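The structure under discussion appears below in the form of structure tokens.
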Amino acid sequence: MNAFRYAQARDAASAMAALAADPRARYIAGGTNVVDLMKEGVERPSLLVDITQLPLRGIDRTATGVRVGALALMSDVADHPAIARDYPVVAQALLASASPQLRNMATIGGNLMQRTRCAYFRDVSQHCNKRAPGTGCAAISGVNRRHAVVGGSEQCICTHASDLAVALLSVDAIVHVRGRAGERTVPLERFHVLPGSTPQRETVLEHGDLITAVELPASAAARNSYYLKVRDRASYEFALVSVAAALNVAGGRIRAARVALGGVAPTPWRAHAAEAALLGRPATGGTFAAAAEAATRGMKGYGQNDFKIVLVRRAVNRALQHVGAIA
Ligand code: SF4
């Protein structure tokens, strides 16, 4: 590990000033991702600014839903009664993530900022455009069983690792950010960016921007939501494919639908074609099967990960049957 400095921030302004003064400085909260990456030599910050003392841990009801502070722990959010009741998909995704020990350390904001688990990215002896732009992508012709089937580019086909972000996408979450120009909000769907020709850029955040909260709007669909995670083993494993589904069904018809996917793209992936195939239709097995087929539209495998396309179809169908109350 390289030498680095450490500072504990007293408030948001001093944390942001520390980053503004040093382009190689980074925030640290739970440290469950950045410390690993530093040990592996993937990240080499000159300064870690510890933000854990900032007052950003609250989980509060608001007039429009729930506001979760960026430093709220994954375990506290998963256990919160308002989350379990009004956003079951979020609680389920959190409980399917990592291990209890990690959930007791990791924060909501950090979870959204976590970096890919692509093995080539984490091995500094390998070619990786995300870690070292211009060096190539070892995964495209290499071991790509866990890689993306949609949203990738010739530069990078990694997958995003977060379960939480997929669940948040299905409930239209909004990220609150404090930056040099003040406070702003970013819909989660626009928070992460696809690799294109700049795979090193993963979110819309600028250096020094601080996530302060994630807002979860209340909705009937969010209350009737479900997270299905398919993985190689039952615990402490990343998704091969995951589905966050939220449906509002009234009078036998689908009034609102959200379908988000994990493990298939470099960002949490919203399946708009599947949602369009659901909206206004009767909540039947035939509708769900058609939506599941639509969810795979545009997907392309790289050999070892071709199976994911079939898995997406089956997992979306199963998740929709769950929220559509078809046994
Ligand atoms: Fe790097 Fe992306 Fe290629 Fe993985 S898929 S080696 S992260 S460029």
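Remember, it's 1-based here, ligands and their atoms both numbered in the order they're listed. This one's a predicted model, so the numbers in the text were calculated from it and none came from an experiment.
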What distance do E275 atom CD and R270 atom CZ have between them, rounded to the nearest 0.5 Å?
4.0 Å

Does a side-chain N-to-carboxylate-O contact under 4.0 Å join R115 and D36?
no

Using a cut-off of 2.8 Å, how many protein N, O or S atoms lie below it in distance from atom 2 (Fe) of ligand 1?
1

Listed pairs under 3.5 Å, donor-acceptor, residues 19-26 side chains, sequence neighbours left out:
{"unit_1": "D22", "atom_1": "OD1", "unit_2": "R24", "atom_2": "N", "d": "2.8"}
{"unit_1": "D22", "atom_1": "OD1", "unit_2": "S46", "atom_2": "OG", "d": "3.2"}
{"unit_1": "D22", "atom_1": "OD2", "unit_2": "R5", "atom_2": "NH2", "d": "3.3"}
{"unit_1": "D22", "atom_1": "OD2", "unit_2": "S46", "atom_2": "OG", "d": "2.6"}
{"unit_1": "R24", "atom_1": "NH2", "unit_2": "R44", "atom_2": "O", "d": "2.6"}
{"unit_1": "R26", "atom_1": "NH1", "unit_2": "E43", "atom_2": "OE1", "d": "2.4"}
{"unit_1": "R26", "atom_1": "NH1", "unit_2": "E43", "atom_2": "OE2", "d": "2.8"}

Which pairs with one or both residues in residues 87-119 pass ring-ring contact (aromatic ring centres under 6.0 Å, His included), sequence neighbours excluded?
none

Close side-chain approach of V124 to V42, heavy-atom, < 4.5 Å
yes

Distance-only criterion, 3.5 Å: show the donor-acceptor pairs between side-chain atoms of residues 133-141 and protein atoms not counting sequence neighbours.
{"unit_1": "T135", "atom_1": "OG1", "unit_2": "C128", "atom_2": "N", "d": "3.1"}
{"unit_1": "T135", "atom_1": "OG1", "unit_2": "C128", "atom_2": "O", "d": "3.1"}
{"unit_1": "T135", "atom_1": "OG1", "unit_2": "A132", "atom_2": "O", "d": "2.7"}

